[in-house]
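The structure appears below as structure tokens.
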Amino acid sequence: MTGPQLLTLAIIIAFVLAFIITMVVLNIHAKKMFSTNSRLVDNQNALLEQNKQQEKDKTELKKRINELEEELKNQTGGEVAQLREQTREYRENIELTSDMSDDDLLAWIDQKMDEMRLYTDTNLTLKALANALGLTQRRLGSLFKSHPNYTSLGDYLNEKRVLLACRLLREKPNWTIEAIGTEAGFGSRRTFQMEMKHRFGITPLQYRQGMETAHQETPQASD
């Protein structure tokens with residue numbers, strides 16, 4: 001094979017390799033573009049679904065407001081004032097919470113729960129809590145099912161109850177374990193013990209005894 005022929009062959013091989021490389025790069029770029037577009041579509045669909053749910057929540061809350069306003073027509077005196085106040089709170093909550101992220105909503109719920117101490121009600125239900133906070137049952141239940149720190153609304157309530165119980169164990173040394181559990185919202189001593197054991201690895205009695213031991217071992221100031 002002559003020199004010119006070798007040169008021509010080399011040029012053809014280089015051209016073919018360049019073409020192959022170009023096609024590979026274009027294919028990779030196309031896949032990335034497709035993946036990016038898919039994510040954008042998924043995000044857009046998720047936002048649309050979230051907006052739909054928010055509209056459903058607003059509709060449900062407005063329906064509840066209408067029901068409360070209807071009840072006002074059949075009530076008198078203090079009951080009217082109470083229903084009016086509840087209606088006003090519902091309206092405020094629609095505007096305040098409808099566009100909140102899950103984290104912001106949980107922080108808001110935390111504040112309300114501490115202010116009203118709703119979790120101390122042993123028989124508190126999802127419906128009752130939703131009505132008290134001016135939220136829909138769907139959004140409230142979904143919030144705790146999807147939250148990484150809780151498995152359910154009940155899990156969240158028991159955490160609040162345990163934290164209150166620990167404070168009472170510190171502040172009320174003369175109260176019985178049963179009295180503290182009841183005050184915190186637990187239905188029985190057994191449930192109280194199980195939740196303390198689950199979250200702290202000790203029973204309420206062991207928690208109290210540990211506090212007493214720590215207090216005894218604390219050096220006292222000399223006169």
Side-chain angles (χ1 to χ4, degrees), residues 46 49-50 53-54 56-57 60-61 64 86 89-90 93-94 96-220:
E49 183 62 27
Q50 183 178 359
Q53 292 298 340
Q54 288 177 352
K56 288 181 180 178
D57 287 345
E60 186 174 335
L61 289 172
R64 177 58 180 157
Q86 189 174 358
E89 290 178 359
Y90 264 79
N93 290 343
I94 288 175
L96 182 64
T97 66
S98 61
D99 297 325
M100 278 186 178
S101 66
D102 284 354
D103 288 338
D104 289 340
L105 179 61
L106 183 58
W108 179 83
I109 290 173
D110 252 340
Q111 179 183 348
K112 290 295 183 181
M113 293 290 279
D114 289 337
E115 289 175 358
M116 304 166 71
R117 291 181 68 171
L118 297 170
Y119 53 86
T120 60
D121 180 358
T122 304
N123 300 314
L124 185 66
T125 63
L126 178 65
K127 180 179 180 180
L129 181 58
N131 286 340
L133 295 176
L135 299 171
T136 64
Q137 295 183 58
R138 185 209 61 79
R139 189 173 189 198
L140 190 60
S142 175
L143 173 67
F144 292 105
K145 285 181 181 178
S146 62
H147 200 279
N149 296 336
Y150 306 104
T151 58
S152 64
L153 171 62
D155 187 35
Y156 169 78
L157 293 176
N158 282 331
E159 179 179 276
K160 302 291 288 185
R161 290 163 178 161
V162 165
L163 293 176
L164 174 58
C166 288
R167 181 162 66 82
L168 293 175
L169 285 167
R170 295 191 299 270
E171 297 177 355
K172 306 292 184 181
N174 296 327
W175 284 25
T176 65
I177 298 297
E178 288 84 354
I180 287 176
T182 300
E183 181 71 14
F186 289 106
S188 66
R189 175 168 178 158
R190 175 178 173 78
T191 303
F192 181 19
Q193 289 177 326
M194 289 175 59
E195 288 298 327
M196 279 286 293
K197 192 77 173 178
H198 170 65
R199 297 173 193 280
F200 297 121
I202 56 175
T203 65
L205 181 59
Q206 290 170 332
Y207 182 90
R208 171 171 277 175
Q209 290 172 340
M211 289 174 49
E212 292 174 350
T213 301
H215 180 71
Q216 292 170 359
E217 292 177 352
T218 301
Q220 302 294 320

Nearest atoms (heavy-atom pairs only) where L124 meets L118 = CD2-O, 3.5 Å
Side chain proximity check, H147 to Y156, heavy atoms < 4.5 angstrom | no
Does V162 reach the side chain of F200, with side-chain heavy atoms less than 4.5 Å apart?
-> yes
So, does T191 use its side chain to make a donor-acceptor pair with the main chain of G187 at under 3.5 Å?
-> no
Under 4.5 Å between any side-chain heavy atoms of S188 and E178, yes or no?
-> no
Least distance between heavy atoms, L106 atom then Y150 atom | CD2-CE1, 4.0 Å
With the side chain counted from C-beta on, respond yes when F186 and T182 share a heavy-atom pair under 4.5 Å apart, and no when they do not.
-> no
To the nearest 0.5 Å, what is the distance between CZ (R161) and CE (M196)?
-> 15.0 Å
So, do K160 and D110 sit near enough that their side-chain heavy atoms are less than 4.5 Å apart?
-> yes
L143/L135 under side-chain contact (heavy atoms from CB on, under 4.5 Å): CA gap, chis, key distance, verdict = CA-CA 11 Å; L143 173 67; L135 299 171; over 6 Å; no
Can you pull the side-chain hydrogen bond (donor to acceptor under 3.5 Å, both in side chains) pairs that have at least one residue in residues 192-201, sequence neighbours excluded?
-> D155-R199, N158-E195, E195-R199
Taking C-beta and beyond as the side chain, do I180 and P204 meet within less than 4.5 Å on heavy atoms?
-> no
Any side-chain heavy atom of R117 within less than 4.5 Å of one from T120?
-> yes
Close side-chain approach of M113 to L157, heavy-atom, < 4.5 Å = yes
Go through D114 and Y119 one step at a time and tell me if the side-chain contact (heavy atoms from CB on, under 4.5 Å) criterion holds.
-> CA-CA 9 Å; D114 289 337; Y119 53 86; 4.0 Å; yes
If you round to the nearest 0.5 Å, how far is NZ of K172 from CZ of R167?
-> 9.0 Å
Go through the steps for L129 and Q137 under the test side-chain contact (heavy atoms from CB on, under 4.5 Å), then give the verdict.
-> CA-CA 8 Å; L129 181 58; Q137 295 183 58; over 6 Å; no
Any donor-acceptor pair under 3.5 Å linking the side chain of Q206 with the backbone of T203?
-> yes
For E183, all residues meeting side chain to side chain donor-acceptor pair (under 3.5 Å), sequence neighbours excluded = none
